[in-house]
Amino acid sequence: MSMSIPLPGLEAVAPAAPARRGPSREELLEGLNEPQRAAVVHEGAPLLVVAGAGSGKTRVLTRRIAWLISERRAHPGSILAITFTNKAAAEMKERVEDLVGKRARIMWVSTFHSACVRILRKEADKLGYKSNFSIYDAADQKRLMTLVCNDLDLDPRRYQPGALLHWVSNQKNELRDPEDATKDARNHLEETYAAAYTAYQRRLREANALDFDDLIMSTVHLFQAFPEVRETYRRRFRHVLIDEYQDTNHAQYALIHQLCADDPEQSDPDAERVEPAELMVVGDADQSIYAFRGANIRNILDFEQDFPNATSILLEQNYRSTQTILTAANSVIGHNKGRKEKRLWSDAGDGERIVGYVADDERDEARFVSEEIDKLTDEGAHRPGDVAVFYRTNAQSRVFEEVFIRTGMPYKVVGGVRFYERREVRDALAYLRMLVNPADQVSLRRILNTPKRGIGDRAVACVNALAERDRITFWEALRRAQDAPGLATRSLTQIQGFVAMVEELQSMVDAGERADVVLETVLARSGYLTWLEESDDPQDETRLENLAELVAVAREFAEDPLAGPSADPTDVEAGIVAPGLADFLERVALVADTDQIPDDDPEDSGVVTLMTLHTAKGLEFPVVFLTGLEDGVFPHARALGDQPELEEERRLAYVGVTRARERLYISRAVVRSAWGAPSHNPGSRFLDELPVDLVDWRRTEAAQTRWSRPDLSGGQRFGEPTAAGRRNFSAAAVRADAAARAKPAREIPSLEPGDRVLHDSFGLGTVVALEGAGEKSVASIDFGSEGVKRLLLRYAPVEKL
DNA sequence: ATAGGTTGCATTTTT
DNA sequence: TGCAACCTAT
């Protein structure tokens, strides 16, 4: 009989007698309001905590976990808590640890993705993966999809990798595998998409890689296909807590369901019935702003139907903002249809009125913001670090930066190009990834000729041809490059040098060398450092610094005994594993960034924070400027004609407003330059949804139109350069044509159907047909997986073999 | 192999 | 307008 079996290692560290006396009941409930307490002590049925903005949901989560451990004697290893960021997970863990001590460490507090990776590493073989699989992020996905598009010879104008990936992501979020997608394709477009999905997924598998969406989907599929595995985890996790439930997608919902709902098909009917885990989800439908990424607001709206007997608790008391700000927020969000009524309230008093400003243009708006911050700091009321400026799109940050630089206002833009997205950082990580997982073709090909070592497209094509002929991985083909037909001796020598270097580095990894040491060796041995050092591009200076930073991150990681989301603390504490290179890579793949948000150090006055509204979610600032409140900007133009999208924009506005603690400013520009031409924008409809008496308009449109009326002919004049650009286009085409004609004709290989040829980028091919003669001769050549191409022989870099 | 020109693109992005 | 990716000419 299979009783509840803890996972290996659990008993080993289960503290025999926790010496430390836990917190008392009173301590755990101290300072909580009634509904918060109810949520903390709730037992049994699934619980939905509807937590309005600033209502103390993190407190509820941490206290509840502490309560479970210390009052209800739950084993910490039986707790699974899911948050949306690793940062939030780390904070939560720390806070629980403060309450109940070190034993809290063996809880699983992580993101969906980290938790799934942990499960998948253990069970990878069941799905036909190796446990050293790579995790592909957006950039890797794009590279891979681009390869697929070339493979399938898709018209790049009709089928863009980005659009295909978006579609694939949706499929995965809906748990639909390539077969499902193919089966249900309704038209040619969908068939093509499904074919791309199929090929993309095959390539991922060949690379022993999973993308972000796969992490969730594969775990769900694993639990579906292997009931005994599912049961293991169902038995293990007796308490499941999910934060930000409104942002879950269907796949994540399914995963929760597999763990926490009644299991109709328990694998062993004789087994003692496993009671479903106790589930608590926390969220706020009004703050659901990620539908565009697959989040499904229905998950939270339908919770009570999805989980029978569910109860819900409403947290409406806000501990963050003034009543004025909350009334404004309630009023705006009240315009959304079909939402469950919720009214935030505070006993902190009304506070300041909201300040409104209508600017002439975006410059004027930025100037107003800057001056207003100056005033606040001069008065001593606030420091720059208290202030945040929010906007709808990243492009809007530019004017603020320009004006802030000029006025000497210290600021920081959060978002934009991130550390781990920088080219040099990605290169370095690609090296590390291919060392751990040589099948990882995307990483391997990225660094094969970076820095330049004379392994160009042509050599790659030859090796790739060999890989396909012999059905081996690209890496295997590199090792056997001497067998590759058509490979120049020089290229072969280079490849052999590369292979030797990689094998040497791999032996370091196999010996368990620390991540930072491997990284430093990679950078030195590959010639990457020398390459940057010898470059005269001033940007490469920064690149070197970034790499130094990356090494520092790796070192810090290697020295942290509890590092690595994959490293089960259970194992680490038992001395089974130390964090290695693979763990470092996992951290880097799953953790967005080293903290971008400036921390609030009371010692210095800090800097103004600039960010998009999306990034602002979960944060709070004493002073908030909500800018660009114009129809077409915010709400965004693409949402104007669409009710659901408009409601999501409104939730975004709600999120923005509720970030403010004391002072809220709202502003808009009458004229705003949007890519080239200036446009006249009407005020945001959200402005009309604010109670009039709450807003102190410092300047209105009436006041400003009197001075300057937007000049429509001016707009046309601005439009002209575009037309000039169009003319340019044809002139350039003519020039290019002339240049082509002037160029001496290249020698045209005489070909016959059946001839074998080598093409610089398509690799090996067979001539299928010929048309035309002399300079106009065109050959149709079958390049195998690259497809049949029609090539004008005068230009095509083909060589008869 | 690489610079320079050309084209096309332009919401939001916790993982 | 500003950029990034791509292509092409050297």
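If you're wondering where the values come from, they're calculated on a predicted model, not measured in any experiment. Here is how names work: the chains are called A, B, and so on, in the same order as the sequence lines, proteins then strands, and each is numbered from 1.
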Just to be sure I understand the rule, does [X] reach a base, reach only the sugar-phosphate, or reach nothing, if contact means heavy atoms closer than 4.0 Å?
| X | answer |
| --- | --- |
| A/E649 | base |
| A/Y290 | base |
| A/S673 | nothing |
| A/N394 | sugar-phosphate |

Candidate nucleotides [options], ranked by approach to the side chain of [X] - the nearest:
| X | options | answer |
| --- | --- | --- |
| A/R392 | B/dT11, C/dG2, B/dT13 | B/dT11 |
| A/T393 | B/dT11, C/dG2, B/dT13 | B/dT11 |
| A/Q160 | B/dC9, B/dT13, B/dT11 | B/dC9 |

**Report entry** Stacked pair A/F212-B/dT15, distance under 5.5 Å, angle under 30°
**Finding:**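 Whether judged by distance or by angle, A/F212 passes, so it stacks on the base of B/dT15.
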
Query raised in the report: Can A/F292 be classed as stacking with the base of B/dT12, given a centroid separation cut-off of 5.5 Å and a plane angle cut-off of 30°?
Result: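 Yes, A/F292 stacks on the base of B/dT12, since the ring centres sit under 5.5 Å apart and the planes are within 30°.
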
Report task. Please lay out, stage by stage, how A/R453 and A/N449 fare under the test side chain to side chain contact (heavy atoms under 4.5 Å, CB included). Result -> CA-CA 5 Å; A/R453 45 173 77 90; A/N449 203 29; 3.7 Å; yes

Query - Length of the CZ-C1' vector between A/F419 and B/dT14, whole Å - result: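 Checked: the CZ to C1' distance equals 19 Å.
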
Report task. Test A/H166 against A/F292 for ring pair (Phe, Tyr, Trp, His ring centres under 6.0 Å), laying out the working first. Result -> CA-CA 10 Å; A/H166 186 79; A/F292 71 93; 8.5 Å; no

Query raised in the report: Any side-chain heavy-atom pair from A/L432 and A/F584 closer than 4.5 angstrom?
Result: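 A side-chain contact under 4.5 Å exists here.
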
Query raised in the report: Got A/V168 and A/M145 here, is their nearest side-chain heavy-atom distance under 4.5 Å?
Result: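 A side-chain contact under 4.5 Å exists here.
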
Query raised in the report: Start at the 5' end of DNA chain B and walk down; is the nucleotide closest to A/H614 or to A/I455 reached first?
Result: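 Checking each residue's closest nucleotide, the 5'-ward one belongs to A/I455.
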
